[in-house]
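Naming convention: chains lettered A, B, ... in sequence-line order (proteins, then strands); numbering from 1 in each chain.
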Protein chains: 2
Amino acid sequence: MPTTIKDVAARAGVSPATVSRVLNDRPGISPQTRERVLQAAQELNYTPSVAARSLATARTYNIGYVGYKYGAGPPTDLRSSNATPGILEGIDEELTRRGYHLLTTYVDKEMVRGLDVPNMVRQGRVDGLILNGPAIRPRFILHLRNMGLPVVLVDNLLNETAIDCVLCDNEGGAYQATKHLLEHNHERIVFLSGPADWLSSRERAVGYRRALQEAGLEPRVVFMPSTTVDTGRDGILTALEEYPDLTAVMAVNDATAVGAIQACQQAGRAVPDEIAVVGFDDEPWAQLHIPSLTTVRICWYEIGIQAARRVVDLIERDNQVPIQMRLAVELVIRQSCGCPVTTD
Amino acid sequence: MPTTIKDVAARAGVSPATVSRVLNDRPGISPQTRERVLQAAQELNYTPSVAARSLATARTYNIGYVGYKYGAGPPTDLRSSNATPGILEGIDEELTRRGYHLLTTYVDKEMVRGLDVPNMVRQGRVDGLILNGPAIRPRFILHLRNMGLPVVLVDNLLNETAIDCVLCDNEGGAYQATKHLLEHNHERIVFLSGPADWLSSRERAVGYRRALQEAGLEPRVVFMPSTTVDTGRDGILTALEEYPDLTAVMAVNDATAVGAIQACQQAGRAVPDEIAVVGFDDEPWAQLHIPSLTTVRICWYEIGIQAARRVVDLIERDNQVPIQMRLAVELVIRQSCGCPVTTD
DNA sequence: AACTATTATGCAACCGTTTGCACAACTGTT
DNA sequence: AACAGTTGTGCAAACGGTTGCATAATAGTT
């Protein structure tokens with residue numbers, strides 16, 4: 001029904017093989033022939049069959065994106081990890097540029113634990129994978145990688161087996177933000193962390209520690225099992241019990257920061273006047289919060305672009321040595337750290 | 001390299017044709033043979049080649065999702081339309097259940113205007129399409145539909161040519177919310193609308209008007225060219241000039257509501273005490289806002305599920321008459337409407 | 001002018017399924 | 001016992017590209 005390579009061949013007066021070679025930029029075609037073929041293809045508005053091409057070449061030109069969802073059903077809480085706004089747009093942008101397509105799916109805790117290979121991978125619908133989020137565990141990652149596909153991690157990394165990844169500078173961001181609190185002359189700063197087995201939590205904790213140590217102060221870290229508003233609330237209450245004299249909080253992300261702020265206020269400690277708080281991620285709503293959140297901005301869109309680039313490179317070029325990419329972050333100063341109010 | 005249907009056939013002692021029939025539940029296979037084939041397939045851990053199957057059947061088992069992005073590059077503002085949280089998870093959930101896969105891409109204003117057919121459609125990588133958002137214009141929709149694919153719209157509809165769609169009850173939601181303001185004894189309520197050519201704006205305006213008319217009051221609508229925090233700010237200022245005596249605002253979405261609140265406060269009018277505000281969408285951050293937003297909740301996850309269901313039905317069953325689905329919304333009462341503070 | 005090297009193209013096999021058609025093996029009828 | 005009807009299975013031709021190999025045509029060498 002649609003036009004095939006034979007139609008084009010017939011119209012150009014050549015064989016299908018020649019058409020194929022022209023269309024794939026293979027060498028050894030005379031300029032005149034090439035021209036005639038292109039002309040014919042254009043006139044017939046020819047688009048090669050994806051299925052046939054895939055069958056012959058064992059390539060799909062699809063990239064799989066695996067996101068993380070918290071259990072089946074609608075997303076409930078306001079969290080960090082399902083908030084990587086713009087990453088899909090970034091990936092799509094770059095993939096389109098390179099002639100690839102984006103297949104999207106989500107896995108939950110259970111699937112990760114059960115090494116439940118997504119259908120699109122098992123069926124060979126993709127040439128490569130982008131795995132997003134620290135909740136995607138090492139065993140799962142390795143299991144997917146063993147299916148023979150190039151894999152790029154986002155917001156996560158695997159030390160043992162070198163796998164390509166793109167992340168933001170978690171440590172640097174936390175360092176900068178903590179440093180900012182120190183410049184406000186805070187000396188008793190708590191780090192409200194997420195799960196210790198999440199990379200971003202650990203790295204941000206490291207940045208925080210480094211800043212404190214440089215200032216000759218004692219780090220105080222509270223690990224929490226999640227990074228929601230609720231755990232932020234609980235976390236700060238724990239912290240306030242253990243360190244009643246604290247004057248500032250570095251939160252592992254914005255949701256946690258908001259929880260902390262709420263709990264502080266309920267406990268009668270004004271933010272930022274009595275307790276300063278900074279977050280991480282610069283969620284779109286961070287500037288709307290009252291007080292507006294001082295936080296660390298992550299360029300998810302750019303991360304998406306780089307992840308897509310990388311996975312395509314892994315597919316198309318060989319002998320690639322694994323690369324770990326770190327994208328710079330930016331401290332966005334607003335009110336919650338105690339800086340004077342400005343209009344932004 | 002991977003196992004093929006021939007391997008399975010050999011092991012089961014039958015022809016490839018028979019294996020194919022068993023695996024596709026075709027009739028006319030003896031129970032014993034069926035059993036042996038299934039056994040063999042299982043033992044060899046056989047997965048049919050997607051490409052070969054697509055080539056033979058002209059089906060891909062892929063569904064395309066087309067989202068809207070505001071121009072190339074990273075998303076800038078906090079808006080309504082790129083915030084349909086959970087819709088992709090919902091679509092993925094249902095598609096996985098039905099044996100389909102999700103291809104994702106985004107279009108911007110220019111592409112929509114230029115009738116720029118996404119590659120995945122032009123190349124025939126999908127069997128059906130889900131188009132999300134009111135910014136995807138009728139001409140573009142029809143153009144895509146003319147490519148011969150089943151199309152389901154989300155948060156949008158086309159009256160002239162009946163096309164399947166799934167939306168939330170915009171009118172009912174706005175009606176309910178406005179009604180709630182009326183119960184607070186407000187009599188001078190303004191509707192802060194988005195673009196008049198966005199379906200959701202229009203429908204919400206209708207709900208608002210109906211509520212006012214039932215109360216015997218004069219509707220006051222201000223249309224704005226977009227639905228960001230900024231346009232919310234500008235919009236309320238315009239409204240305040242025109243109707244200085246207004247006591248309540250029904251905003252077309254949460255971002256607009258926030259803009260309105262900010263501008264009111266800057267103008268020295270307390271929210272909700274002097275001016276009550278309600279939003280629409282119940283964005284994840286709406287409850288964090290101060291004052292927390294009274295707003296209308298949309299179940300994007302469920303909308304995603306229904307849209308996916310529908311597009312698969314259109315593909316697999318014939319003689320489907322177009323269906324317009326309306327999902328109920330829920331008024332979420334918080335503080336910005338002037339209701340007493342509660343902990344939620 | 002004969003011969004080799006190079007260039008441009010075609011032939012045909014192959015990628016791994018599905019499916020129309022033919023046919024063999026049974027079952028049941030007269 | 002011959003025959004029609006049913007049931008289960010195999011053969012082989014698609015589906016629409018890519019690519020190794022052969023070969024015709026041309027250019028280059030002595």
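Every residue was checked against the side chain to side chain donor-acceptor pair (under 3.5 Å) condition with A/R309, not counting sequence neighbours, and none meets it.
Panel note: side chain B/T104, backbone B/Y65; no donor-acceptor pair is recorded below 3.5 Å.
Atom-to-atom, CZ of A/R53 to P of D/dC15 comes out at 19 Å; the value is rounded to the nearest Å. Summarising the geometry, the separation between NZ on A/K6 and P on D/dG17 is reported as 9 Å, rounded to the nearest angstrom. Residue A/I5 contributes atom CD1, which lies 11 Å from atom P of D/dT19 at whole-angstrom precision. In this structure, CZ of B/R59 is placed 18 Å from P of D/dC15, rounded to the nearest angstrom. Atom-to-atom, CD of B/E35 to C1' of D/dG8 comes out at 17 Å; the value is rounded to the nearest Å. B/L55 has its CG atom 17 Å from the P atom of D/dA13, to the nearest Å.
A salt bridge does not link A/R113 to A/E110: none of the charged nitrogens lies less than 4.0 Å from a carboxylate oxygen.
With B/K6 as the fixed residue, the side-chain contact (heavy atoms from CB on, under 4.5 Å) test singles out one of B/V8, B/T4, B/T3: B/T4.
Using bins of under 30°, 30° to 60° and over 60° for the plane-to-plane angle, the ring pair B/Y61/B/Y100 lands in the tilted bin.
Close to C/dT18, at under 4.0 Å from its OP1 or OP2, lies a side-chain N or O of B/S20.
Comparing B/R26 and B/A52 along DNA chain C, the residue whose closest nucleotide (by nearest heavy atom) sits nearer the 5' end is B/A52.
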(message) Walk me through whether A/D313 and A/R98 qualify under salt bridge (Lys or Arg N to Asp or Glu O under 4.0 Å).
(response) CA-CA 10 Å; A/D313 279 352; A/R98 306 280 293 257; 2.9 Å; yes
Mind listing the N/O atom pairs, protein and nucleotides 6-13 of chain C, below 3.5 Å?
residue	atom	partner	partner atom	Å
C/dT9	OP1	A/S30	OG	3.3
C/dT9	OP1	A/T33	OG1	2.3
C/dT9	OP2	A/S30	N	2.9
C/dT9	OP2	A/S30	OG	3.4
C/dT9	OP2	A/T33	OG1	3.1
C/dG10	OP2	A/S15	N	2.8
C/dG10	OP2	A/S15	OG	3.0
C/dG10	OP2	A/T18	OG1	2.6
C/dG10	N7	A/R21	NH2	2.9
C/dG10	O6	A/R21	NH2	3.0

